[in-house]
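Take a look at the structure below.
Lettering follows sequence order; numbering is per chain, from 1.
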2 protein chains.
Amino acid sequence: MAVDSLSITFAALADPTRRAILARLTAGPARVKELTAPFAMSGPAVSKHLRVLERAGLIARGREAQWRPCRLEAAPLKEVAEWAENYRRFWDANFERLDE
Amino acid sequence: MAVDSLSITFAALADPTRRAILARLTAGPARVKELTAPFAMSGPAVSKHLRVLERAGLIARGREAQWRPCRLEAAPLKEVAEWAENYRRFWDANFERLDE
DNA sequence: AGTGTATCTAACCATTCGGTTAGCTAACCA
DNA sequence: TGGTTAGCTAACCGAATGGTTAGATACACT
């Protein structure tokens with residue numbers, strides 16, 4: 001269930017660790033070890049988060065000797081922004097409540 | 001875990017049924033029965049989705065005789081849009097990959 | 001008072017999620 | 001060749017998710 005890309009993207013973003021990883025990657029690519037450092041969490045746990053992000057198309061992973069550098073792939077975030085924009089008129093205007 | 005509001009909002013949005021409910025509510029408030037109709041799903045299942053949306057602050061529910069009309073509360077979507085906007089430069093520009 | 005409708009709670013079930021530890025593979029270096 | 005490091009998979013665990021059915025509650029209409 002929930003095989004649509006927007007659901008997968010939102011699910012990937014619904015975790016503060018994963019959002020922190022994306023935020024770190026805005027400063028440029030990083031290796032897994034580097035991404036693990038800020039968290040009180042085992043390597044495999046971060047590895048799982050990275051897989052979730054990769055499946056959502058939010059990161060891409062390269063291969064460089066014994067490292068697997070990750071870099072941000074922000075395209076799905078454009079979909080998110082566009083989806084949310086559809087609701088703009090419901091938050092930035094005093095839209096009428098005709099039912100009241 | 002994941003008590004931050006952004007995580008709760010993203011988690012609520014990570015389900016197509018719930019996003020469809022929000023989309024329906026852009027046309028105005030609706031009763032639970034009305035929201036249930038489009039889905040091949042039991043009443044309690046929709047009721048649970050509504051509770052998730054309510055806890056995320058995405059809908060509000062009134063009380064009107066035996067009905068509990070729901071209406072859209074889009075404020076959390078503004079947070080989502082703003083969060084995503086921080087990544088705009090990573091999707092709409094050919095940003096440099098200094099590492100390559 | 002009794003019937004019907006709208007909605008919720010409770011209990012249950014299978015699956016997914018976020019974490020762990022243990023152990024593997026691949027690459028580098030002495 | 002052996003040792004160290006980076007990163008992975010596998011197996012497991014407890015909690016959360018998304019659904020179900022059964023039953024409770026609240027209100028409206030005769």
Side-chain angles (χ1 to χ4, degrees), chain A residues 1-25 28-72 99, chain B residues 1-22 24-25 28-71 99:
Chain A
M1 56 193 78
V3 292
D4 60 300
S5 68
L6 210 43
S7 292
I8 290 174
T9 303
F10 278 129
L13 297 177
D15 184 287
T17 301
R18 290 194 289 264
R19 291 199 308 281
I21 289 171
L22 293 181
R24 161 63 189 82
L25 291 178
R31 309 207 256 257
V32 176
K33 198 77 192 300
E34 199 179 342
L35 294 174
T36 304
F39 306 105
M41 196 180 293
S42 68
V46 172
S47 194
K48 283 186 177 186
H49 283 305
L50 294 176
R51 194 165 65 237
V52 172
L53 290 169
E54 190 178 25
R55 290 211 178 126
L58 287 161
I59 65 171
R61 294 200 254 194
R63 227 157 248 258
E64 196 183 296
Q66 73 264 214
W67 302 291
R68 234 125 310 178
C70 301
R71 68 165 198 279
L72 185 62
D99 58 304
Chain B
M1 55 196 77
V3 291
D4 60 300
S5 68
L6 210 42
S7 292
I8 290 173
T9 304
F10 278 129
L13 297 177
D15 184 287
T17 301
R18 289 195 289 263
R19 291 198 309 279
I21 289 171
L22 294 180
R24 162 61 189 82
L25 292 177
R31 307 207 255 257
V32 176
K33 198 78 193 301
E34 199 179 342
L35 294 174
T36 305
F39 306 106
M41 195 180 296
S42 69
V46 172
S47 193
K48 284 186 177 186
H49 283 305
L50 293 176
R51 195 166 61 237
V52 172
L53 290 169
E54 191 178 25
R55 290 213 179 125
L58 287 161
I59 65 170
R61 289 149 125 172
R63 226 159 248 257
E64 196 183 300
Q66 71 265 217
W67 302 290
R68 233 126 313 179
C70 302
R71 69 165 197 279
D99 58 305

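- The distance between atom CG of B:Leu53 and atom C1' of D:dT17, rounded to the nearest whole Å, is 14 Å.
- Considering all non-hydrogen atoms of both residues, B:Phe39 and B:Ala20 come closest at CZ-CB, 3.7 Å.
- Looking only at side-chain heavy atoms (C-beta outward), B:Val32 and B:Ser47 stay at 4.5 Å or farther from each other.
- In this view, A:Ala56 and A:Ile8, A:Ala12, A:Leu58 satisfy the side chain to side chain contact (heavy atoms under 4.5 Å, CB included) rule, not counting sequence neighbours.
- Under 4.0 angstrom from either OP1 or OP2 of D:dG18 there lies at least one side-chain N or O belonging to B:Arg18.
- Looking at every heavy atom in both residues, A:Leu50 comes nearest to A:Cys70 through CD1-SG, 4.1 Å.
- Residue B:Arg61 is classed as a sugar-phosphate contact, given heavy-atom separations below 4.0 Å to backbone atoms only.
- Bending across the helix from C:dA1-D:dT30 to C:dA30-D:dT1, expressed as the angle between its end axes from five pairs apiece, amounts to 10° (10° rounding).
- At distances below 3.5 Å, not a single donor-acceptor pair connects side-chain atoms of A:Arg18 with backbone N or O atoms of A:Leu13.
- Between the C1' atom of D:dA16 and the CD1 atom of B:Ile8 lies a distance of 13 Å, rounded to the nearest Å.
- Annotation: side chain of B:Thr17 is not in contact with side chain of B:Val46 (no heavy-atom distance under 4.5 Å).
- Contact check on A:Asp4 versus B:Arg19 returns a salt bridge, with a Lys/Arg side-chain nitrogen under 4.0 Å from an Asp/Glu carboxylate oxygen.
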Contact state string [nucleotides 20-30 of chain C, B base, S sugar-phosphate only, - no protein heavy atom under 4.0 Å]: BBB----SS--
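- Within the nucleic acid shown, B:Arg51 comes within 4.0 Å of sugar-phosphate atoms alone, with no base atom in reach, counting heavy atoms only.
- Here the shortest heavy-atom pairing between A:Arg63 and A:Pro69 reads N-CD, 4.1 Å.
- The distance from atom CG of B:Asp15 to atom P of C:dT15 is 18 Å, rounded to the nearest whole Å.
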